[in-house]
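Protein chains get the first letters and strands the later ones, always in sequence-line order, with residue 1 at the start of each. Both backbone and side-chain heavy atoms feed into the values below; hydrogens, waters and symmetry mates do not. Keep in mind that what you see is a predicted model, and the values were worked out from it rather than measured.
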Amino acid sequence: MTKQEGDWLAHSTADAVARRSYGKLVAFVAARTRDVAAAEDALSEAFAAALDDWPRNGCPKNPEAWLVTVARRKFLDTVRANRREITTDNLEDTADAIESISESEEIPDRRLGLMFACAHPAIESGIRAPLMLQAVLDFDAATIASAFLISPATMGQRLVRAKTKIRQAGIPLRIPDRTELRGRLDTVLDAIYAAFAEGWSDAVGSDLARRDLAEEAIYLCRLVAQLLPNEPEGLGLLSLMLHAEARRSARRNAQGKYVPLAEQDPALWNTQMIAEAESLLYRASAIGSVGRFQLEAAIQSAHVARRRTGQANWTAIVALYDALLLLSGSPVAEVNRALAIAESQGARAAITALDAAAADARLAEYQPYWAARADVLARLGAHDEARHAYDIAIGLEKDVSVRSFLDQRRGLLT
Amino acid sequence: MAYTEALKQAGALKGSNRLQPTATATTVRTVDGKQQVLDGPYADTKEQLGGYYLIEVADLDAALSWAARCPGSQHGTVEVRPIWAM
């Protein structure tokens with residue numbers, strides 16, 4: 001092998017390990033020390049050492065074990081050099097705190113434990129999703145910052161603060177006990193969904209970092225579904241996100257204009273993703289414990305029924321929103337329910353439902369409420385009122401292509 | 001008290017004290033090298049620190065589950081904080 005080939009092999013092996021196992025390595029190294037930041041630092045040094053060592057000495061048989069061994073040594077060096085609060089006494093404990101691993105061993109997968117730490121209720125809720133993306137998937141702070149529309153410096157600080165909290169408060173990197181699992185899993189799923197929603201808001205996929213975010217959220221949820229196969233809400237969230245992702249390319253037309261769900265061409269939907277989403281939802285429902293994500297996935301499922309029957313199952317959609325409202329009391333669910341009522345029972349019933357929903361003051365600043373109101377009023381022939389509602393909806397919308405869609409609808413009024 | 005007994009039984013209890021109301025408090029401060037003694041509490045707030053338990057457990061989740069069992073958590077708030085390792 002020439003030197004060039006050796007270099008190339010070392011780099012591509014390191015790349016592959018990083019992609020496949022980064023989160024697994026961080027979770028393993030930080031498992032007992034709870035020092036996520038130090039684990040990340042030690043691993044990045046270990047990767048650098050690998051790129052120096054592997055071209056000369058050949059790639060090890062078990063690159064993960066090699067990296068963990070080196071990271072463990074680097075970690076101890078750092079502790080010795082920097083941590084005044086750690087005395088020689090517990091330095092020995094620290095040494096034991098990272099297990100050594102032999103060439104022949106598989107590294108145990110503790111990524112889920114790491115995710116539970118990142119989404120612990122003791123961590124500020126807004127930083128849970130970014131923290132997970134960084135610790136499990138190796139996203140850098142700048143990329144996360146741009147996806148969450150926060151300045152890179154602020155994002156960096158908040159990530160550091162969260163990692164310090166994990167270490168200092170003693171947040172465990174493990175899957176909670178049976179009794180607490182359901183409640184705590186909700187915070188993990190919420191964080192995954194938050195990451196997905198950030199990716200989803202960029203419909204055209206013009207912003208690569210954001211589109212990746214939706215895919216990575218699906219990846220994280222696959223991990224949850226795989227490691228906790230009997231938790232119905234994990235399956236429900238995965239089903240929900242796959243349903244949404246399946247329609248991504250149908251959300252904009254060839255000119256980049258916004259296309260509402262009702263006008264999308266079902267032929268553009270990804271049938272394979274829909275099939276997987278449907279089977280996940282079926283598996284979740286068989287477990288027999290309904291939750292928010294399963295209901296939202298079921299609503300998606302009733303929408304895509306249009307693919308086979310030419311019509312969404314509006315009666316089912318209204319019933320599912322009723323159930324969702326009982327669970328969450330969310331005014332957003334109330335608006336969507338009103339739109340389903342418009343389809344199944346007519347515009348007059350829908351406007352009554354929207355009037356009732358308007359009791360919640362939060363809706364005054366919620367674009368979809370005003371757009372829904374405008375649409376229903378237009379169907380009732382109340383064009384002046386509809387125009388007014390469109391004006392407010394347009395004023396509240398950030399996305400240019402949605403704004404021009406609303407503007408075009410407004411132009412149809414007489 | 002049953003809670004303290006349970007903590008002892010679990011081998012988690014390292015110490016505890018109940019504090020008398022803040023009306024009994026006297027505050028000391030050193031300003032520019034000069035000692036100042038003030039009557040009354042450090043901060044005049046509605047909430048008062050009523051006492052503390054010093055416990056030793058594996059991690060935050062274990063500490064939180066003990067905090068949730070503390071009778072004080074039903075009518076007040078229990079704040080959980082790590083101590084500095086000496």
* To do: Looking only at non-hydrogen atoms, find the nearest pair between A/Arg34 and B/Ala58 and report the distance.
  => NH2-O, 2.9 Å

* To do: Nearest 0.5 Å please: distance from the CG atom of B/Asp59 over to the CG atom of A/Leu173.
  => 10.0 Å

* Is there a side-chain contact between B/Leu60 and A/Lys165, using heavy atoms and a 4.5 Å cut-off? -> no

* Which atoms form the tightest heavy-atom contact between A/Ala169 and B/Pro82, and what is the distance? -> CA-CG, 4.0 Å

* More than 12 heavy atoms from other groups under 6.0 Å of CD on B/Gln9 -> no

* Look up atom CG in B/Asp61 and atom CZ in A/Arg184, then write down how far apart they are to the nearest 0.5 Å. => 4.5 Å

* To do: Pick whichever of A/Gly170, A/Pro176, A/Pro121, A/Pro172 has the most heavy-atom pairs under 4.5 Å with chain B.
  => A/Pro172

* State the CD-CD1 distance between A/Gln168 and B/Ile83, to the nearest 0.5 angstrom. => 13.0 Å

* Asked: Can you tell me if CD on A/Glu180 sees more than 12 non-hydrogen neighbours from other groups inside 6.0 Å?
  -> yes

* To do: Could you tell me whether B/Asp39 atom CG has more than 12 heavy atoms of other residues or ligands within 6.0 Å of it?
  => no

